[in-house]
Amino acid sequence: MQPGLSVIVHGPETQGHLGELLDALTTQPFAEAEVVIAAVGDWARQEAERRAADDPRMVVLPLPEGTSDGAARAAGAERATGRWLHFVHAKDGLPVGAVRTVADRVAELGDSADVLVVDHLRSTWQTSGAPSEDHRFLARASRRGVPLADFPQLLRLTPVLGIRVVRADFWRNQDIADIADDDFRDDEAYTALAVLLHADRIAALDHVAYEIRELREESLPPVTAGQRYAVIERYERLHRILADQGAPQGPRAVLYDVMVRDLLRTFARSRMPEQVAREFFARASRAAVHWRPEHHQRPGGFEGIRRSLLEKNEYTRYRAFQAANQKRRDVKSVVSTGKREVGAKLRDHRYRRALSEPVDPDLAVFSAYWDRGVACNPAAIAAKLTELAPHIHQVWVVARAKAALLPPGTDHIIAGTRRYWDVMARAKYLVNNVNFPNPVVKRPDAIHLQTHHGTPLKRMGLDQLDFPAASKGLDFDALLARIDKWDYSLSSNSHSTRMWERAYPSRYTKLDYGYPRNDVFYSATAEDIRAIRERLGIAPGRRAILYAPTHRDYEAGWTPRLDLASLADRLGEDTVLLVRGHYFYGGAASPLTGLRRSGRVIDVSSYDPVEDLCLAADALVTDYSSIMFDYANLNRPIVIYADDWETYAKTRGVYFDLMAEAPGQVARTQEQLAAVFETEAWRDEAARKSLTAFRRRFCEFDDGRAAERVVRRVFLGESEESLPPVIPVDERTPAPTPEEANA
């Protein structure tokens, strides 16, 4: 039976939104509809196939990476079998019940209309579900369908194809070939307007049935001059369609108003180079004069002045008019200048002077964990840099209280000092696993490498907006300003790459190279492991279990969620518990003080590096800490202790269900945890199978050569093709286990 509606989801997996859209679709009843997923690229295909495997209503159409939006729409439409087509971009959303509502409405319409226009919501990185202004037009439009000439105000609707549902036969009709014209196939606004110009009858549904998600501009590729000029050509092409049709005055006047308003908005809000801006204005002026309908009246006020200056091609006067308006707005906001002055004081005269000096091509600044010292991915990169590019001088940023703990001979600067600002101004390379402070200026010829410090299970960055317990005190505007300074973002797996793209949207280059700090998990020898265990006081033959819980946003301090003394007694004399508190609690009194002398519970919260602890441990017990993703490289057992999973997931937000995709056994109580180790379930066949699947997904790029890839690409400028290829997970040999090391 032919479905009444085909929902055509098209495009790449962008910032994690396709997965959300498909998850929402799987929960909606739409027996009268089909979903065709024109999935662009491997990530989109994987997301689509995962959902389609459990939902026969979904059809997956894999498309090569780089397939344009227009080509993806065309491919999806060709595959679709429904009588009506609803194009949904992979980055957008469908509100609850939208599919059923649209399917019911087009069933009523049958062939009595060519296009159904619907209402929508609009979401950005900082707002969710804002109502549209289209409602005022839709409320007055006809439900049964009218010619555009009877209600030309429909041309003022937001020009997004997703809020136009089109009849399949109409879409495929050769009379509207202009819609698929190669020059404008990827211009969604053109297509959205063109379908209205070609339609015989247009019906309206005054009901929200689409969600437009606006991606942050800074996360998208820069707009070229040609793309700017194409906006003008878009409207000229549309006007020619109306002229060829002999359209009456109404649609032509409305389209003209829409064109001029859009061109002026584009000119005012887009950061174009001066030469491009002048040419855009001149072309827009010619279009405004050529297509102005006879007897058309300009609006009054500022808008009328703007249009008059545009039609006269008065570029210089228009810029002066803009500047005068900006000055007027600045006067009104003078109260807020005090906040900006605080930042200016931080960048004192010495810093500004240093910023005017040339960048030192052989100077690199490193920092980790808010200036705690030499650690994590930056430390591993620095070590490899010393080996491959010793001419580059390394300087570490460190807090004053941590300076005494630095390795001997480490050149360092104390945050906030005069030398700090001098070095930060001149450094070619800035490497950090968190962000540098807001006042640090990112010079155009400097390179900022963001290494991150974990694989995200919990929500990060902008994704914390909906979780106030996690985001309290976080300034998201300032966060975005820091993100925009990144040139490179490092990932250890595809999951991280996608989540960073979603949580930290900007134009940085993604480096799928692995985490350098994990290289040691493939290079450490049996001798190394024996030496680490000896330093920790672990006797040969004893089983060492590393317990490393994470921070909880809903807890003020750290209290171990396990009765460690009792657990140690239960596990016996041959087991040692290495207990690692989260670094957020580094300044607090340890709740483990009374257990330190037992010999079977060792507080290793202050021991660095944490990679040593992983190498020393026979098994890891953690809750939701990202240490599980790193430890999995060793292919040793992991047990998840999840006594408060539901609370954690609800308050912090998570990217996937750890209970369903755990790297080993899961215990919900201390009794269950003890039993896991008493019964050998911690390393049985089921645990090994779970760990194997987990490693393939989350240890994807970690193969022991991540630091080398980073140094060669970022510091030495080598091409992507010349870097060491990533060794497949199943072909790698991790460091020996403690048992193997003592054999």
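This one's a predicted model, so the numbers in the text were calculated from it and none came from an experiment.
Remark: the backbone N or O of Arg213 is paired with a side-chain donor or acceptor of Lys91 at under 3.5 angstrom. With hydrogens and angles ignored, the 3.5 Å screen pairs no side-chain donor or acceptor of His453 with any backbone N or O of Asn432.
Taking both residues in full, the closest heavy atoms of Leu474 and Gln464 are given as CD2-NE2, 4.0 Å, listed atom of the first, atom of the second, then distance. Nearest heavy-atom pair, Leu479 versus Asn435, reported as atom, atom and distance to 0.1 Å: CD1-ND2, 4.0 Å. The two atoms that bring Arg636 and Cys614 nearest to each other are NH1-O, 3.1 Å, heavy atoms only. The two residues Gln15 and Pro505 come nearest to each other via the heavy atoms NE2-CB, 3.5 Å. Of all non-hydrogen atoms in Arg713 and Tyr488, the two that sit nearest each other are NH1-OH, 3.5 Å. For the residue pair Ala616 and Pro738, the shortest heavy atom distance occurs at O-CG, 3.6 Å.
Within the 4.5 Å cutoff, no side-chain heavy atoms of Tyr641 are placed close to those of Gln672. Residues Ser605 and Val579 fail the side-chain proximity criterion, which asks for heavy atoms closer than 4.5 Å. Here the side chains of Tyr655 and Asp463 are in contact, with some heavy-atom distance below 4.5 Å. Within the 4.5 Å cutoff, the side chain of Ile381 has heavy atoms near those of the Leu449 side chain. At least one side-chain heavy atom of Ile532 sits under 4.5 Å from a side-chain heavy atom of Arg535. A heavy-atom distance below 4.5 Å is not found between the side chains of Ile545 and Asp618. Looking at Asn635 and Leu691, their side chains come closer than 4.5 Å, going by heavy atoms from C-beta outward. At a threshold of 4.5 Å between non-hydrogen side-chain atoms, the residues Tyr607 and Ile602 do not count as touching.
No side-chain donor from either of Tyr522 and Asp702 sits under 3.5 Å from a side-chain acceptor of the other. Of the N and O atoms on the side chains of Asp569 and Ser566, not one donor lies less than 3.5 Å from an acceptor on the other residue. Checking Glu720 against Tyr513 by side-chain atom types alone, a donor-acceptor pair falls below 3.5 Å. Side chains of Asp528 and Thr525: a donor on one and an acceptor on the other come within 3.5 Å. Under 3.5 Å, the side chains of Ser367 and Asp371 contain a donor-acceptor pair of N or O atoms. No side-chain donor from either of His452 and Ser491 sits under 3.5 Å from a side-chain acceptor of the other. Side-chain atoms of Asn433 and Asn377 form no donor-acceptor pair, as typed in the model, at a separation below 3.5 Å. Judged by distance alone, the side chains of Asn633 and Arg695 never bring a donor and an acceptor atom under 3.5 Å apart. At a cut-off of 3.5 Å, with distance as the only test, no side-chain donor of Thr497 or Ser494 sits close to an acceptor on the other residue. Checking Glu214 against Ser123 by side-chain atom types alone, no donor-acceptor pair falls below 3.5 Å. Inspection of the Thr455 and Ser492 side chains reveals an N or O donor paired with an N or O acceptor under 3.5 Å. Side-chain contact check for Tyr515 and Asp630: no donor-acceptor pair (N or O, by modelled atom type) lies under 3.5 Å.
One distance of note links CG of Leu215 with NE2 of His89; it measures 8.0 Å at 0.5 Å rounding. Atoms CG and CZ, from Leu480 and Arg216 in turn, are 4.0 Å apart once rounded to the nearest 0.5 Å. Taking OG of Ser496 as the start and CE of Met460 as the end, the distance is 10.0 Å to the nearest 0.5 Å. The CD atom of Glu739 lies 12.0 Å from the CD1 atom of Ile529; values are rounded to the nearest 0.5 Å. In this structure, CD on Glu211 lies 7.5 Å from CG on Asp92, to the nearest 0.5 angstrom. Taking CZ from Arg507 and CD from Glu218, the interatomic distance works out to 6.5 Å, rounded to the nearest 0.5 Å.
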Checklist entry - Are Asp703 and Arg732 close enough, and set up right, to give a salt bridge (Lys or Arg N to Asp or Glu O under 4.0 Å), and what steps lead you there? => result CA-CA 7 Å; Asp703 65 351; Arg732 302 173 195 164; 5.3 Å; no
Next on the checklist: Pair Asp608, Arg580 - check salt bridge (Lys or Arg N to Asp or Glu O under 4.0 Å), show working.
Outcome noted: CA-CA 11 Å; Asp608 283 319; Arg580 174 84 170 186; 3.1 Å; yes
Next on the checklist: side-chain hydrogen bond (donor to acceptor under 3.5 Å, both in side chains) for Glu501 and Ser219? Distances and angles first, verdict last.
Outcome noted: CA-CA 8 Å; Glu501 181 186 43; Ser219 71; over 6 Å; no
Checklist entry - Which is it for Asp730 and Arg696 under the salt bridge (Lys or Arg N to Asp or Glu O under 4.0 Å) test, yes or no, and what are the steps along the way? => result CA-CA 8 Å; Asp730 295 337; Arg696 286 173 178 163; 3.0 Å; yes
Item to check | Full working for side chain to side chain contact (heavy atoms under 4.5 Å, CB included) between Met58 and Ile37 | outcome: CA-CA 7 Å; Met58 293 187 173; Ile37 309 170; 4.0 Å; yes
Checklist entry - Under the salt bridge (Lys or Arg N to Asp or Glu O under 4.0 Å) criterion, do Arg502 and Glu20 qualify, and how do the steps go? => result CA-CA 12 Å; Arg502 167 196 172 111; Glu20 284 188 0; 2.2 Å; yes
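Both the sub-6.0 Å distance and the 45° axial angle are satisfied by Arg543 relative to the ring of Trp682.
Ring pair Tyr429/Phe715 is tilted by interplanar angle, where 30° to 60° counts as tilted. Relative ring orientation between Trp486 and His448 is described as tilted, the plane-to-plane angle lying within the 30° to 60° band.
Electrostatic pairing of Asp643 and Arg561 counts as a salt bridge here, judged by a charged N lying under 4.0 Å from a carboxylate O. Checked for salt-bridge contact, Arg712 and Glu708 meet the test: a charged N lies under 4.0 Å from a carboxylate O. Salt-bridge annotation for Asp487 and Lys442: present, with a side-chain N of the basic residue lying under 4.0 Å from a carboxylate O of the acidic one. Ion pairing of Asp519 with Arg709 is absent here, as no side-chain N (NZ or NE/NH1/NH2) approaches a carboxylate O to less than 4.0 Å. Comment: Asp55 engages Arg57 in a salt bridge, judged by a side-chain N to carboxylate O separation of less than 4.0 angstrom. With respect to the salt-bridge test (charged N to carboxylate O, under 4.0 angstrom), the residues Asp23 and Arg51 qualify. Classification of Asp623 and Arg552 as a salt-bridged pair holds, one side-chain N sitting under 4.0 Å from a carboxylate O. Under the 4.0 Å criterion applied to side-chain N and carboxylate O atoms, Arg683 and Glu680 are assigned as salt-bridge partners.
Between Tyr624 and Tyr648, the distance from one ring center to the other falls under 6.0 angstrom. Between Phe698 and Phe656, the ring centre distance stays below 6.0 Å. Aromatic rings of Phe521 and Tyr631 (six-membered ring for Trp) have centroids beyond the 6.0 Å cut-off, not under it.
For the side chain to side chain contact (heavy atoms under 4.5 Å, CB included) with Leu620, the qualifying choice from Val639, Ile627, Ile640, Leu634 is Ile627, the only one to do so.
Pairs engaging residues 664-678 under the salt bridge (Lys or Arg N to Asp or Glu O under 4.0 Å) rule: Arg570-Glu671, Arg570-Glu678, Glu646-Arg668 [sequence neighbours left out].
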